[in-house]
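Here is how names work: the chains are called A, B, and so on, in the same order as the sequence lines, proteins then strands, and each is numbered from 1.
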Amino acid sequence: MHYHWDLAMVLADTDRWWHGIGITLLYSVATVAGGIVIGVFCGLALLGQKRWITLPLEGYVEIFRCTPLLIQIVWFYYALPILLNFSLPAWLAAGLGLTLYMGAFCTEIFRAGVMSIGRGQWQAGRALGMTYAQLMRRIVLPQAVRRMIPPLVNQSITQLKNTALLYVVAVPDLMYTSSIITAETYRPLEVYTSAAAIYFIMLYPLTLFAKRLETRVDR
Amino acid sequence: MTGNDTRHRPMVEVTDLVKNYGSVPAVRGVSLGVARGEVVVLIGPSGCGKSTLLRCVHLLEEPTSGTIRVGAQEISFGGGGKALAGRRLAAYRSRIGMVFQHFELFPHMTALQNVMEGPVTVKRIDRRAASELGRGLLANVGLAGKEESYPAQLSGGQAQRVAIARALAMSPEVMLFDEVTSALDPELVGEVLAVMRQLGEDGTTMIVVTHEIAFARDIADHVLFMDAGVIAEHGPADEVLARPANPRTRAFLSRFHHAGALRSAG
């Protein structure tokens, strides 16, 4: 096979590549942050006993965990407007899908983190006369947060890759930008290889970081 | 000491306490009183309800019915709804010290921070004063120099002594000990019992659940033998342990005689 690689040609428009990388990072950071906020509130609420609170929240978590993210994004963009009678802009529909998806996983991570703190620790705090809020703040959360960090980092890595689904609603992230450049240059090999390499360069350090965190928690 | 002691008002008084788990009875109508400075030891076979009774006194479990009085505060249960909740429940618990079988030290805090945690967070005592208090208590349980150690760096015996100091830091009106040596290696049991013996001699009001019969004879003013959720026999330690009247007490204690546990007493 004699294929003549021409990376220079596909990478020439550096501004556009940087713009795509910027959108990808922006969506990753914003939807991870939004997801963590959702996770903290829903996770805390799920620890309670009131079924009229926990039941709908469990429903939310399971629906978003058990349906493909691709369908969620497409649904918010194409289907929801029919119910609402007005359409969401693509950037918002996609952002909403990504954030709620991340939020569902964060809720589980948060809930599981708190649940992983044994009954004995709760009782030891109660035995000292702590209120629920004091117990959470002083005893449970400091221990639980340490255990939540590795799964949160892993979920964030997944989330950055998931932003490539912005492609389907034409938000110009790294993936969508690659498809446009491909259409213009007829060089899919160079373009998609470059895009993959860029994703790899962004994520590989994060996976190393996650591994280090896990070994530290084990200690 | 059970029953109605009219001469002086006990520090802790439990009346007709019942605890059911669903339809399963764990404690079936227990009454007892503990005078100020008295050491009461609860013995009995596994599952007899002695730990449940202790946890009920601390309200880590809500009794099904009955009355508990600690100091001036009397609480009745079984009237529907929770007898105590929220801040009032927390305030009640802060007056009672509890030491657990598995220590339950806070692993993210040093030994000193563990001891300071109650005074600082619950009593809102100034950190400097709490630190001084904590260092003093750690020294009292023989752990001077271990202030900055984390629980993972301590032996079981050391950890349990930190847990005792942590409970004492709240200046509780009564100390409860729930099988505090059961999870320890045999060679570490002595150091924990020595601390408890000292507390008893210093006049701490204590209720002790234990399987250490020799220790019970040594430290207890009164011994209660629980069986199947009721107090089957009670009285001065010498009487109950040396000359048990109840055949079930005799059967229970005979296992310890055979094991030679009593011979090591003293």
Going by atom types only, do [X] and [Y] share a side-chain donor-acceptor pair under 3.5 Å?
X	Y	answer
A:S116	A:R147	yes
A:Q143	A:Q121	yes
B:E74	B:T67	no
A:T67	A:Q72	yes

Interchain contact, [X] with chain A, by part (heavy-atom threshold 4.5 Å):
X	value
B:H102	neither
B:R55	side chain
B:L105	backbone
B:L60	side chain
B:F106	both

**OP:** Using the side-chain hydrogen bond (donor to acceptor under 3.5 Å, both in side chains) rule, take A:T163 and A:D173 through it: C-alpha gap first, then chi angles, then the decisive distance, then the call.
**Re:** CA-CA 8 Å; A:T163 59; A:D173 73 322; 4.7 Å; no

Residue among [options] with most heavy-atom pairs under 4.5 Å to chain A:
options	result
B:P119, B:A91, B:P107, B:A167	B:P107
B:M109, B:H58, B:M98	B:H58
B:R166, B:M170, B:E117	B:E117

Original post:
For B:K19 and B:E62, what are the C-alpha separation, side-chain angles and deciding distance, and is it a salt bridge (Lys or Arg N to Asp or Glu O under 4.0 Å)?
Top reply: CA-CA 8 Å; B:K19 174 64 184 176; B:E62 168 116 4; over 6 Å; no

